[in-house]
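Scroll down for the structure; my scribbles are underneath it.
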Amino acid sequence: MLNIYIKDKKLFQNHVPALLTTINQSNDFTQARYIAKHWNPKFKKERREKVIKIKLPSFENEDEDPTKLSKEQIRSRMKEHGFVPQKQWSERPAYMSCTPIIFESYIAPEGDGKYSAITKEGAKQKYSFLKKKSKSLLAIRKIKSFDDMFKTSHFIEEAIDIYKKAYEALAAKEGEEKLLQYVTETAYPKMIHNMMDKTIHWKFLESLEPARVVHMRTTDVITKENVFAQITVRFHTQQILAIYDRFGRLIQGSEILRKDVLEYIVFEKHLANEYGIWRIHGKIIPSWMTPKDISEGTYVLPKQKHDPMPTEPAPMETTLVENTSKDSTNVQSL
C-alpha cells in the first residue's frame with residue numbers, strides 16, 4: 001500500500017518498495033524515509049547536551065608526545081581527561097581483627113582461690129570486686145547496643161566451650177586456620193611458642209568453682225564506631241597436662257596426676273564487625289601467683305676423650321723378657 005504525503009517540500013513515504021515510489025516529481029522535493037524525529041527548536045538545548053565534545057590530540061605538535069612530557073604535565077593531562085593519576089606508592093588494605101594488647105587489665109586480689117567469703121580476706125576481695133563493678137556495667141550497656149541478645153550467663157557457657165576447644169586444638173596441632181577460630185591473632189604466636197617437636201597431652205577434668213565474669217571493658221580504635229570489647233573470665237579447674245620432647249621423654253607434668261589451675265582468661269570481640277566472634281585474647285598472670293615448673297631441656301652429651309690403647313710392646317720390654325728367659329734356662333741346666 002502506498003502511503004505518501006508532502007510536508008515542507010519534502011516527500012515522506014513509509015514501508016513502500018522502491019519500485020512503487022512516485023516517478024513524476026519536481027526537483028524541489030527531497031525524499032526522506034523512516035523519519036520519526038521531531039526538530040522542534042524548543043529542544044535545541046537537550047539535543048546539544050547529547051553530544052560530548054572531545055579534544056583530539058595533535059600529532060604534529062611535539063608537546064603532545066607523551067615521552068617528552070614532564071610528570072606534572074602528565075598528571076594535569078590525566079586530570080583533564082577524567083583519569084585518576086597513578087601514585088608513586090602502593091597501598092595495602094588495612095584490616096584490624098583484634099587489638100594488640102589487653103587494655104585496662106584486671107588486677108586479681110592477692111590469695112584469690114584460697115580464702116572463702118566467710119573469712120576476713122575473702123570479704124575484702126568481695127568488697128573490692130563490687131567496687132569495680134560500675135565500669136563493667138557501663139561496658140555491658142555498650143556491648144548490648146551492638147548485640148541485643150548478649151547475657152553474661154550465656155556468655156560464660158560460650159567461654160567455657162571456646163576455652164576447651166582452643167586447648168584441644170593446640171594439643172592436637174590442628175593448624176593455624178583451626179586455632180584462629182578460637183584465639184585472636186595477638187594470642188596465636190604466644191600459644192604456639194616453643195611448640196616444635198613436642199607432644200602435648202591435655203585433658204579438662206572438672207571445675208572446682210563455677211566460671212564467672214570479673215572484668216569487662218570496651219574501647220574504640222581510630223574511629224568511635226570501631227569498638228572492641230574485652231571480658232575477663234575467672235577459671236578454677238582441675239586439669240591433666242603432660243609434655244614430651246622429641247625423644248618421647250617427659251619434660252613437664254604428668255598423665256596421672258591432677259592439678260588445680262587458677263586462670264584469668266581475656267576474651268575479645270570486634271563489636272563493630274557484624275560477623276565478629278568471641279575469641280581468647282590473652283591471659284592475666286598476677287605477680288603473687290606461684291611460678292610454674294620450668295621444663296627441662298634435652299641436650300646431646302659431649303663426646304668423652306679416651307686414652308689410646310697400646311698396640312705393640314716396647315722394644316726394651318722384649319729384650320728384658322728374653323734375657324730373663326735365658327737366665328732361667330741356665331739355672332735349670334746347672
Side-chain angles (χ1 to χ4, degrees), residues 97-114 125 128-129 132 135-136 139 143 152 155-174 176 178-196 198 200-219 228-243 251-253 258-270 276-295:
S97 61
C98 64
T99 56
I101 57 171
I102 300 173
F103 50 87
E104 293 189 37
S105 178
Y106 172 69
I107 301 173
E110 189 173 353
D112 189 13
K114 297 181 180 179
Q125 292 177 8
S128 63
F129 173 71
K132 298 175 183 177
K135 286 188 177 181
S136 295
I143 294 171
T152 53
F155 169 75
I156 289 172
E157 296 177 2
E158 184 182 356
I160 294 171
D161 185 56
I162 294 169
Y163 177 81
K164 291 179 182 179
K165 288 182 178 179
Y167 277 92
E168 287 172 358
L170 179 67
K173 295 183 179 181
E174 294 186 3
E176 180 181 357
K178 182 72 174 179
L179 194 57
L180 283 176
Q181 296 178 6
Y182 309 111
V183 301
T184 60
E185 286 77 7
T186 302
Y188 176 75
K190 298 177 183 177
M191 290 188 71
I192 65 169
H193 175 67
N194 204 14
M195 278 275 297
M196 189 179 293
K198 289 184 177 61
I200 299 175
H201 293 276
W202 180 85
K203 190 176 181 181
F204 183 89
L205 299 177
E206 60 177 347
S207 295
L208 300 175
E209 295 181 48
R212 69 171 190 267
V213 176
V214 295
H215 195 70
M216 302 179 72
R217 291 293 183 270
T218 58
T219 188
F228 288 85
Q230 290 183 359
I231 299 179
T232 306
V233 182
R234 179 184 179 273
F235 291 98
H236 195 192
T237 59
Q238 272 193 349
Q239 304 174 11
I240 288 177
L241 176 66
I243 303 176
I251 58 176
Q252 190 173 5
R258 297 184 171 201
K259 202 165 187 180
D260 298 346
V261 181
L262 178 65
E263 291 178 308
Y264 302 93
I265 307 296
V266 180
F267 294 84
E268 185 182 84
K269 182 180 180 181
H270 191 190
I277 56 174
W278 290 104
R279 296 185 294 174
I280 294 175
H281 186 63
K283 183 190 291 187
I284 297 172
I285 303 175
S287 58
W288 50 264
M289 189 173 286
T290 55
K292 294 183 179 181
D293 300 333
I294 300 173
S295 60

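Residues: numbered from 1 along the sequence shown.
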Let me see the working for Ile265 and Ile284 under side-chain contact (heavy atoms from CB on, under 4.5 Å), right down to the final yes or no.
CA-CA 7 Å; Ile265 307 296; Ile284 297 172; over 6 Å; no
Under the salt bridge (charged side-chain N to carboxylate O under 4.0 Å, His left out) rule, what do Arg234 and Glu209 come out as? Steps first, then yes or no, please.
CA-CA 9 Å; Arg234 179 184 179 273; Glu209 295 181 48; 3.2 Å; yes
If we ignore angles and hydrogens, is there a donor and acceptor under 3.5 Å between the side chains of Gln238 and Arg258?
yes
Using side-chain heavy atoms (C-beta onward) and a distance below 4.5 Å, is Thr237 in contact with Leu208?
no
Side chains of Gln181 and Glu174, heavy atoms from C-beta outward: is any pair under 4.5 Å?
no
Residues, nucleotides or ligands: over 12 heavy atoms within 6.0 Å of Lys173 NZ:
yes
List the steps and the verdict of side-chain contact (heavy atoms from CB on, under 4.5 Å) for Thr186 and Thr99.
CA-CA 7 Å; Thr186 302; Thr99 56; 5.9 Å; no
Output the distance between atom NE2 (His236) and atom OH (Tyr264), rounded to the nearest 0.5 Å.
9.0 Å
Flag side-chain contact, heavy atom, 4.5 Å: Met216 against Lys135
no
Approximate separation, where rounding is to 0.5 Å, of Leu262 CG and Ile285 CD1:
11.5 Å
Nearest-0.5 Å distance that lies between atom NZ in Lys269 and atom SG in Cys98:
15.0 Å
Checking Lys203 against Gln239 for the side-chain contact (heavy atoms from CB on, under 4.5 Å) test, could you report, in this order, the C-alpha distance in whole Å, the side-chain angles of both residues, the deciding distance, and whether it holds?
CA-CA 6 Å; Lys203 190 176 181 181; Gln239 304 174 11; over 6 Å; no
Between Ala166 and Tyr182, what is the shortest heavy-atom contact and its length?
CB-CB, 3.7 Å
Taking all non-hydrogen atoms of both residues, which atom of Ala108 and which atom of Pro286 are closest, and how far apart?
CB-CG, 3.8 Å
Does Tyr106 reach the side chain of Val266, with side-chain heavy atoms less than 4.5 Å apart?
no
Just checking Phe235 against Tyr163, ring centres under 6.0 Å apart?
yes
Test of ring centre spacing under 6.0 Å for Phe267 and Trp278:
no
Any Gln230 side-chain heavy atom under 4.5 Å of His281 side chain:
yes
Do Thr232 and Arg217 come close enough that some side-chain heavy atom pair is under 4.5 Å?
no
If you define the side chain from C-beta out and look only at heavy atoms, does anything of Arg279 sit under 4.5 Å from His270?
no
Go through the structure and list residues passing side-chain hydrogen bond (donor to acceptor under 3.5 Å, both in side chains) with Ser97, not counting sequence neighbours.
Glu185
Looking at CG of Asp260 and CD of Glu206, how far apart are the two atoms once the value is rounded to the nearest 0.5 Å?
9.0 Å
How many angstroms lie between OG1 in Thr218 and CD in Glu104, if you round to the nearest 0.5 Å?
8.5 Å
Reported CD1-to-CD1 distance for the pair Ile162 and Ile280, which is rounded to 0.5 angstrom:
7.0 Å
Just wondering, more than 12 heavy atoms not from Ile107 lying within 6.0 Å of its CD1?
no
Do His215 and Val233 have side chains that approach each other closer than 4.5 Å (heavy atoms only, starting at C-beta)?
no
Carefully, step by step, assess Ile192 and Leu179 under the rule side-chain contact (heavy atoms from CB on, under 4.5 Å).
CA-CA 10 Å; Ile192 65 169; Leu179 194 57; 4.1 Å; yes
What closest approach, in Å, do Ile102 and Gly282 show between heavy atoms, and which atom pair accounts for it?
CD1-CA, 4.2 Å
For Lys178, which residues count as a side-chain hydrogen bond (donor to acceptor under 3.5 Å, both in side chains) partner, sequence neighbours excluded?
none
What's the shortest heavy-atom distance between Tyr167 and Lys283, and which atoms?
OH-NZ, 3.6 Å
